[in-house]
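Small disclaimer: the values here were computed from a predicted structure and weren't measured. Letters A, B, ... mirror the listed sequences (proteins, then strands); counts begin at 1.
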Protein chains: 4
Amino acid sequence: MAPLNDEQLHQIRDERREQIKAAAFQVFARKGIISAKMSMIAETAGISNGLLYHYFKSKDELFTSLVQEAMVESEATMRSVYAMPGTPIEKIRTLTEGMIDESGAPYFMLIHQARTSDGVPEKVKQLLEQYSMDTYMDMLLPLFQEGQHAGEIAADDPRELIACYLSVLSGIMVINSNGNDDYRHPKADMLMRLIANPETINK
Amino acid sequence: MAPLNDEQLHQIRDERREQIKAAAFQVFARKGIISAKMSMIAETAGISNGLLYHYFKSKDELFTSLVQEAMVESEATMRSVYAMPGTPIEKIRTLTEGMIDESGAPYFMLIHQARTSDGVPEKVKQLLEQYSMDTYMDMLLPLFQEGQHAGEIAADDPRELIACYLSVLSGIMVINSNGNDDYRHPKADMLMRLIANPETINK
Amino acid sequence: MAPLNDEQLHQIRDERREQIKAAAFQVFARKGIISAKMSMIAETAGISNGLLYHYFKSKDELFTSLVQEAMVESEATMRSVYAMPGTPIEKIRTLTEGMIDESGAPYFMLIHQARTSDGVPEKVKQLLEQYSMDTYMDMLLPLFQEGQHAGEIAADDPRELIACYLSVLSGIMVINSNGNDDYRHPKADMLMRLIANPETINK
Amino acid sequence: MAPLNDEQLHQIRDERREQIKAAAFQVFARKGIISAKMSMIAETAGISNGLLYHYFKSKDELFTSLVQEAMVESEATMRSVYAMPGTPIEKIRTLTEGMIDESGAPYFMLIHQARTSDGVPEKVKQLLEQYSMDTYMDMLLPLFQEGQHAGEIAADDPRELIACYLSVLSGIMVINSNGNDDYRHPKADMLMRLIANPETINK
DNA sequence: AATGAATGAGCATTCATTCAT
DNA sequence: CATGAATGAATGCTCATTCAT
């Protein structure tokens with residue numbers, strides 16, 4: 001049989017990489033960087049132990065690459081708020097809902113793992129500094145200000161409001177992403193009270 | 001020369017035990033049961049590796065004993081809300097404040113680790129089932145109902161309200177207890193909006 | 001290049017397993033389960049420490065698996081007495097000879113270690129109960145009775161005769177299997193006097 | 001209170017030493033040198049761990065000292081055969097009985113442990129060379145020869161006869177001294193057949 | 001590209017031995 | 001003399017990583 005041409009090879013490589021990443025993503029997010037075993041990732045990806053190392057030089061590199069991707073995705077998710085329909089507070093409500101259920105949480109969970117676990121590679125720490133909470137705050141600031149002008153959002157210091165909102169949201173995502181049934185997902189509506197203008201709620 | 005008398009020995013043993021527990025508490029809460037190395041605990045406690053095993057039979061036993069203690073303490077903290085001054089919402093506010101800063105968080109963090117980590121001893125799992133979120137909900141229910149009657153607390157289903165409050169609080173404690181500066185502690189006042197009756201806030 | 005095919009892998013695995021078993025057998029029989037260090041077994045087998053654990057989950061499992069095999073072999077050896085040539089007493093003599101020199105002793109030695117050492121896994125204890133001395137006695141009983149009828153074997157209580165014979169044989173095997181030159185192997189002929197009918201010997 | 005005088009001190013020291021030796025003897029003979037833990041010996045002796053080291057510099061020294069004593073005792077036991085009543089074969093029978101039940105076995109067991117275990121101190125190995133099987137053979141030789149002249153003992157090569165007798169006896173003692181009920185003590189009468197002149201038995 | 005056998009460094013735990021009291 | 005707290009070296013076992021095929 002004729003050997004595969006370059007393009008086909010490239011495609012196989014890319015598919016495998018994605019397959020591995022998906023498996024690793026799942027395992028890392030669930031177990032954290034130390035409890036996640038390379039053998040577990042290989043098994044989840046349905047490949048051999050050794051093959052992992054054809055695609056990623058090390059566990060650290062694999063983890064780093066995932067965190068990088070998660071940061072991009074989480075930023076995109078965050079930015080997407082501006083494209084959502086409705087008034088500012090409605091946009092935020094939609095964003096919040098999306099994060100509380102499954103869609104957005106895994107990315108944040110991985111980032112949380114990266115932020116709080118031991119044994120995180122140095123490179124990841126540097127990446128995280130760039131994408132600190134401030135980045136997200138800057139991203140949401142115009143939206144919150146707009147909401148305040150519209151009287152929908154409480155008139156507190158907007159940065160503090162955002163910090164509070166993000167911390168609560170992060171916390172919720174973290175405690176809910178461990179497959180642990182004990183905690184309850186609060187409804188997005190309740191969380192909105194944190195930032196909504198009370199007068200608005202009243203009506 | 002005569003050996004140390006019983007009282008002195010007892011005192012030494014007690015001191016060492018507490019010293020080890022304190023060190024282990026710190027390490028476990030920060031790192032989780034797997035990442036926490038016995039050598040790390042020993043070093044933190046300023047003792048040798050071997051001595052750990054004079055006082056605790058195993059890593060599991062040490063962890064279990066700490067979780068047990070944390071459960072007792074966290075329950076006590078939660079119960080203490082009834083003894084606090086002021087109206088129901090003021091009591092809850094004080095409780096919230098206490099948990100957000102240093103005082104209460106470590107206990108919750110350890111319990112969170114126990115709930116979500118891999119490699120948790122079977123006995124701990126059993127203990128955790130007894131102290132589920134429901135336990136805390138039951139404890140706070142009368143207080144929330146009283147607050148609702150007084151018009152201070154939002155008129156939602158009280159159990160859902162408490163679940164939301166506890167989840168948010170847990171989340172905050174978790175993300176804040178990793179010695180990570182990136183997240184911000186939301187102010188207790190802001191968190192109170194989750195449960196407060198909006199009309200009351202307004203005034 | 002394609003990976004090794006199934007058959008080759010299977011062969012490698014089987015060879016390694018046997019290689020490890022042989023090494024472990026030697027070390028366990030000589031040193032007992034506690035003194036036998038996994039590193040010693042690995043070295044004897046000419047492999048790394050870690051590889052041991054690809055083939056056997058633990059020291060206990062390795063030991064158990066060897067004891068199991070030894071019990072099967074020792075039973076087979078014992079049963080084979082019926083297929084040996086000659087009269088009952090000649091059969092027993094041949095069996096005895098086989099056990100005193102190298103062929104059968106190591107199996108018995110391992111079983112002896114299992115019976116008398118500390119730190120023997122629970123499962124091994126259960127196995128040993130099934131294969132107690134009584135099992136062997138039952139196996140030899142018909143042969144001894146036949147010999148008694150033929151006037152070749154002493155007319156004592158046959159079970160006691162067998163017990164005596166087996167104890168002596170076990171003892172000999174044990175003291176001889178430690179690579180210790182100090183003890184002498186008694187000749188089989190001498191041992192036969194324990195059970196032979198004295199009148200027969202005379203002639 | 002007046003301090004104890006030298007003699008009293010000396011007596012206490014001696015008593016303690018014997019107390020420790022007795023405990024160690026028991027534990028070593030039962031468990032072998034490696035499985036025997038110093039803490040076990042201390043507990044058996046009813047003293048603290050540390051005190052052991054006031055009386056014996058190390059585990060090795062303690063073991064060595066016991067082996068030395070056991071060698072002296074076993075030699076004495078062996079020699080005592082000449083003082084026993086009866087004909088040569090009766091003397092040997094009495095000796096055999098004494099060794100099979102409790103009285104003599106522990107000494108031999110300890111020596112067997114010393115001969116066959118791992119981790120035996122170099123000094124013990126040297127001692128054992130001096131007291132090899134040959135020593136015992138020399139001791140019993142005159143008795144056996146006398147028995148042969150009297151027609152009570154089989155007319156084989158006397159040294160081989162003794163070697164056989166001693167090996168069997170050692171084996172019996174070894175397999176019986178592990179508190180293991182599975183093996184049976186053969187009766188002394190049966191063992192005597194190994195060496196007795198068959199004609200004598202007949203009558 | 002793909003496999004899984006092989007390696008070795010790291011961690012929990014045990015235990016002989018020392019030391020302050 | 002006597003105690004038991006304290007130490008640290010040794011051992012079973014795990015797992016990231018490499019390598020021959």
How many angstroms lie between [atom1] in [X] and [atom2] in [Y], if you round to the nearest 0.5 Å?
X: D/Q68; Y: D/I111; atom1: CD; atom2: CD1; answer: 11.0 Å
X: D/I34; Y: D/Q113; atom1: CD1; atom2: CD; answer: 10.5 Å
X: B/T44; Y: B/R30; atom1: OG1; atom2: CZ; answer: 9.0 Å
X: A/I33; Y: A/L62; atom1: CD1; atom2: CG; answer: 9.0 Å
X: B/S117; Y: B/H112; atom1: OG; atom2: NE2; answer: 7.5 Å

[X] has an atom [atom1]; how far is it from atom [atom2] of [N], in whole Å?
X: D/E43; N: E/dA16; atom1: CD; atom2: P; value: 13 Å
X: C/F56; N: E/dA5; atom1: CZ; atom2: P; value: 13 Å
X: C/I41; N: E/dA6; atom1: CD1; atom2: P; value: 17 Å
X: B/L52; N: F/dA9; atom1: CG; atom2: C1'; value: 17 Å
X: D/E15; N: F/dA2; atom1: CD; atom2: P; value: 10 Å
X: B/E61; N: E/dA12; atom1: CD; atom2: P; value: 16 Å
X: B/I12; N: E/dA20; atom1: CD1; atom2: C1'; value: 9 Å

So does A/R16 get a side-chain nitrogen or oxygen closer than 4.0 Å to the phosphate oxygens (OP1/OP2) of E/dA1? no
Does D/R13 place a side-chain N or O at less than 4.0 Å from the phosphate oxygens OP1/OP2 of F/dC1?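 Indeed, a polar side-chain atom of D/R13 lies that close.
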Qualifying salt bridge (charged side-chain N to carboxylate O under 4.0 Å, His left out) pairs with a residue from residues 118-128 of chain D, counting only residues at least two apart or across chains: C/K31-D/D118
Could you pick out which residue, A/S48 or C/Y55, lies toward the 5' side of DNA chain E when each is mapped onto its nearest nucleotide?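 Upstream on the strand: A/S48.
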With a cut-off of 3.5 Å and sequence neighbours excluded, list every side-chain donor-acceptor pair involving residues 48-58 of chain B.
from  : atom 1 : to    : atom 2 : distance (Å)
B/S48 : OG     : B/L51 : N      : 3.3
B/S58 : OG     : B/D60 : N      : 3.4
B/S58 : OG     : B/E61 : N      : 3.1

Expected output check: what is the dot-bracket annotation of DNA chain E, where ( ) and [ ] are pairs inside the strand (brackets for crossing ones), | is paired with another strand, and pairs are Watson-Crick or G-U under 3.5 Å? .||||||||||||||||||||
Which parts of nucleotides 14-19 of chain F does protein reach within less than 4.0 Å, heavy atoms only, written one letter per nucleotide 5' to 3' as B for base, S for sugar-phosphate only and - for none? BSSBB-
What's C/I47 touching, base or sugar-phosphate or nothing? Going by heavy atoms closer than 4.0 Å.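 Sugar-phosphate, backbone atoms only, no base.
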So which pairs with a foot in residues 20-52 of chain C pass ring-ring contact (aromatic ring centres under 6.0 Å, His included), sequence neighbours left out? C/F25-C/Y107, C/F28-C/F63
Which pairs, with at least one residue in residues 11-22 of chain C and sequence neighbours excluded, count as a side-chain hydrogen bond (donor to acceptor under 3.5 Å, both in side chains)? C/Q11-C/E15, C/R16-C/Q19, C/K21-C/E69
